[in-house]
Amino acid sequence: MGCYQLAVVVDDAESGVTQVVRGADLIGSTPRQVYLCQCLGVEPPHYYHLPLALTDQGEKISKRHGPVSISSSNPSRLLKQTLEFL
């Protein structure tokens, strides 16, 4: 089961994390993390998995996808555009 899964569970428990929101591509990790929470006797957080943002070619968009060019001159407009996209 990998040290990463254990590290995430311990870190979340120690940090008091109660909700985890992440992409649907990570849904497979959730049962392992819930199981580790049970083994450690800690309450698992509530998990929410959102659909992935994809390019027109069906590739996952991430913070490292394509050139980085974001204007922060109008943060309200940027937030509105992001929410519309999602």
Side-chain angles (χ1 to χ4, degrees):
M1 196 178 295
C3 294
Y4 173 78
Q5 299 295 331
L6 179 60
V8 167
V9 168
V10 170
D11 185 57
D12 285 352
E14 289 292 315
S15 300
V17 172
T18 59
Q19 297 178 347
V20 174
V21 179
R22 55 188 176 195
D25 60 326
L26 298 175
I27 201 165
S29 299
T30 303
R32 291 185 288 252
Q33 292 172 4
V34 170
Y35 173 73
L36 287 170
C37 285
Q38 292 169 344
C39 290
L40 296 172
V42 298
E43 185 71 26
H46 295 274
Y47 292 93
Y48 304 94
H49 297 88
L50 302 177
L52 299 180
L54 304 175
T55 66
D56 293 336
Q57 294 75 34
E59 298 173 338
K60 177 179 152 183
I61 295 176
S62 69
K63 60 186 171 190
R64 293 180 181 84
H65 183 86
V68 177
S69 177
I70 297 176
S71 171
S72 61
S73 62
N74 190 345
S76 298
R77 181 171 177 256
L78 180 61
L79 179 59
K80 181 180 182 289
Q81 289 175 325
T82 302
L83 292 174
E84 285 173 351
F85 173 78
L86 293 173

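For clarity, every value in this text was computed on a predicted model and none was experimentally measured.
Between the CD atom of Q38 and the CD atom of E43 there is a distance of 9.5 Å, given to the nearest 0.5 Å. Atom NZ of K60 sits about 4.0 Å away from atom CG of D25, to the nearest 0.5 Å. Atom NZ of K80 is separated from atom CG of N74 by 11.0 Å, given to the nearest 0.5 angstrom. Between Y4 atom OH and Q33 atom CD the span is 7.0 Å, to the nearest 0.5 Å.
A continuous path of hydrophobic side-chain contacts links V17 to Y47 [ILVMFWY only; heavy atoms under 4.5 Å].
Minimum interatomic distance between L52 and A24 (heavy atoms only, all atoms of both residues): CD2-N, 3.9 Å.
Tested against V10 for a side-chain contact (heavy atoms from CB on, under 4.5 Å), the candidates L36, L40, V42 yield a single pass: L40.
Side-chain contact of R22 with S29: a donor-acceptor pair under 3.5 Å is absent, judged by distance alone.
Other cluster members for L79: L83, joined by side-chain heavy-atom distances under 4.5 Å among Ile, Leu, Val, Met, Phe, Trp and Tyr.
Pairs passing the side-chain hydrogen bond (donor to acceptor under 3.5 Å, both in side chains) check and including a residue from residues 11-21, sequence neighbours excluded, do not occur.
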